[in-house]
Amino acid sequence: MKNSILSIGVALAVLASSALGASQKITCRVTGKTMDKCCCEMKGGKFYCELTKKTYDQCCCDMK
């Protein structure tokens with residue numbers, strides 16, 4: 001159940017970022033890099049960051 005809620009949260013964040021247009025960018029809090037889409041995906045109940053190749057309890061992406 002918890003994994004489902006987290007997966008839905010990530011999906012909503014990705015959809016919201018694409019719906020807001022090109023002016024909205026996402027920044028990885030760990031690396032500071034700006035990108036067009038979130039670098040996190042769910043793996044084993046945790047967020048896996050493609051940039052750092054590490055897992056986290058919370059998504060490391062912020063919309064700006």
Side-chain angles (χ1 to χ4, degrees):
M1 177 83 171
K2 184 178 178 182
N3 291 343
S4 298
I5 293 170
L6 291 174
S7 296
I8 292 170
V10 170
L12 289 175
V14 170
L15 289 174
S17 67
S18 62
L20 292 174
S23 64
Q24 293 291 321
K25 294 287 183 180
I26 296 175
T27 304
C28 178
R29 284 178 285 184
V30 178
T31 64
K33 290 186 179 183
T34 302
M35 60 215 114
D36 292 326
K37 65 176 193 155
C38 182
C39 59
C40 290
E41 62 182 61
M42 288 297 290
K43 281 192 177 180
K46 298 230 178 202
F47 290 98
Y48 176 75
C49 177
E50 289 287 327
L51 297 175
T52 62
K53 307 290 190 236
K54 294 181 182 178
T55 56
Y56 301 96
D57 290 328
Q58 296 180 339
C59 183
C60 61
C61 295
D62 284 327
M63 285 193 302
K64 292 191 176 194

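Positions are given from 1 along the sequence. Computed from a predicted structure; not experimentally measured.
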Q. To the nearest 0.5 Å, what is the distance between NZ (Lys33) and OG1 (Thr52)?
A. 10.5 Å

Q | Identified side chain to side chain contact (heavy atoms under 4.5 Å, CB included) partner of Cys61 from the options Val30, Leu51, Ile26 | A | Ile26

Q | From NZ (Lys54) to SG (Cys40), nearest 0.5 Å | A | 13.0 Å

Q. Partners of Tyr48 by side-chain hydrogen bond (donor to acceptor under 3.5 Å, both in side chains), sequence neighbours excluded?
A. none

Q) Between Glu41 and Glu50, what is the shortest heavy-atom contact and its length? A) OE1-OE2, 3.1 Å

Q | Set of side-chain hydrogen bond (donor to acceptor under 3.5 Å, both in side chains) partners for Thr27, sequence neighbours left out | A | none

Q.
On a heavy-atom basis, which atom in Phe47 and which in Cys59 lie closest, and how many Å separate them?
A. CD1-N, 3.3 Å

Q | Greater than 12 external heavy atoms within 6.0 Å of Gln58's CD | A | no

